[in-house]
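What follows is a single structure, written as structure tokens, with notes after it.
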2 protein chains.
Amino acid sequence: MSLFQKLMIQNGRKVALESGDHAFMQGDSNSNIYFVQSGLLKAYYIRADGKEHIKSFLPEGSIIGSMVALVDGDPCTFSLVASEPTTTIALPYKILADAAQSDIGLANALVGFLGTYGKRKEQREYQLLSLSAEDRFALLVETMPDIADRVSQADLAAYIGITPQALSRIKRRLK
Amino acid sequence: MSLFQKLMIQNGRKVALESGDHAFMQGDSNSNIYFVQSGLLKAYYIRADGKEHIKSFLPEGSIIGSMVALVDGDPCTFSLVASEPTTTIALPYKILADAAQSDIGLANALVGFLGTYGKRKEQREYQLLSLSAEDRFALLVETMPDIADRVSQADLAAYIGITPQALSRIKRRLK
DNA sequence: GCGACAAATGAACCTCGGTTAATTACGGCG
DNA sequence: CGCCGTAATTAACCGAGGTTCATTTGTCGC
């Protein structure tokens, strides 16, 4: 377990979520950072036309927060919901950032967290720009096989960026 | 100018690039972080099939590096090329990260940089997942009007994620 | 102004994914 | 076992964008 995770567990507040409960909704003012102890969270956008797109699945061990909310205090750009009974540790980012001003260990732990976050988003950007829907599905199955089993087909499709029907077609093609 | 930019200028090495020169290529081992003093850089992927996709345009004032290369020392996942005569400041990330271990001001400056980077990638992810090609083009014209003038139609299209022909069609529709 | 080359546009055809709606699995549960 | 609600699949049709190639428009160097 990373130093950063330890810090969160020591200082954070425990938040338990039932399946379907939201940690925060798109538009909320919530600059908490969440550590997932058990269960599964789903981060998603609602578009203007009502469609849902999934940013990421967050299984046990993940850390998540809306970066624009954390950094600038803006409203969250996405919603965070439990898709299984989930226990999390919540901690206001400001507390971390403030404490980091005088605690060099914490500041470097934050650097580690933000670096990892940036790396993950860089990879996702690559996937969205350079891979077809079929490739993205194959990659998901390969890299997160457990997730593919734990969520519905509709959610998988929303993560890949297509409709459930299109995903069904892809699965048929691959067989 | 941010503290982070000042630090880079003080400690970095000046690198001048002619139009078409590369700072690094996809696959290179290059964990420098670059600050763009003047000109314009273009960060892009080459896909397996030879197609080019543009990650981002980096005008004066931008800071860029391959996050996976910076954090893990892995090969760069994209190439960085000058699309105008450009002057940059290059600084190995490891020097920053190491110095941050004992310099709390620097560590917090790094936190600021990484937070901003993550925020930018979060927004890009949203655009790629939730907007149509036409919407992404309109947004680009609105938020970076200068860039739209400085680069070729082909590069604009590669940034949006479509072909130059499709971009031409979109422009016609908008008129 | 003219030739040459690159950039941009246009047209014809194709493919993939979206849309809508019907059909088929797959659980609980009385 | 049969019923019902949900998830998943299939089918038919449409539209946006890709592909290929031709044409037009710039934009230089002379």
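Computed from a predicted structure; not experimentally measured. Proteins come first, then strands; the chains are lettered A, B, ... in the order of their sequence lines, and each starts at number 1. As a basis for the values below, the full set of heavy atoms in this structure was taken, side chains included, without hydrogen atoms, waters or symmetry mates.
Which of C:dT9, C:dG17, D:dT10 sits closest to the side chain of A:S168 comes down to D:dT10. The side chain of B:K171 lies closest to C:dT9 when the candidates are D:dT19, C:dT9, D:dT9.
To the nearest angstrom, P of D:dT19 lies 11 Å from CZ of B:R169. Rounded to whole Å, atom P of D:dA22 lies 14 Å from atom CD of B:Q165. In this structure, B:I162 atom CD1 and D:dT19 atom C1' are separated by 14 Å, rounded to whole Å. As rounded to whole Å, 12 Å separates atom C1' of C:dG17 from atom NE2 of A:H53. Nucleotide D:dT6 holds its P atom 16 Å from the CG atom of A:D155, rounded to whole Å. Here the C1' atom of nucleotide D:dT9 and the CG atom of A:L156 are 15 Å apart, to the nearest Å. Here D:dG26 presents its P atom at 12 Å from CD of B:Q153, a figure rounded to the nearest Å. Atom pair B:L131:CG and D:dG17:P shows a separation of 12 Å (rounding to whole Å applied).
In terms of heavy-atom proximity, A:I104 sits nearest to B:A100 at CD1-O, 3.4 Å.
B:Y45 and B:L70 fall into different hydrophobic clusters, defined by Ile, Leu, Val, Met, Phe, Trp and Tyr side-chain heavy atoms under 4.5 Å apart, directly or through other members.
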List the steps, then state whether side-chain contact (heavy atoms from CB on, under 4.5 Å) holds for A:H22 with A:S79. CA-CA 7 Å; A:H22 278 80; A:S79 300; 4.0 Å; yes

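B:R172 comes within 4.0 angstrom of the backbone, heavy atoms only, and of no base.
Geometric assessment of B:R124 against the ring of B:Y159 yields a positive cation-pi assignment under the 6.0 Å and 45° thresholds.
Comparing B:K51 and A:P164 against DNA chain D, the residue whose closest nucleotide sits nearer the 5' end is A:P164.
Contact check, B:T163 against D:dG18: a side-chain N or O comes under 4.0 Å of OP1 or OP2.
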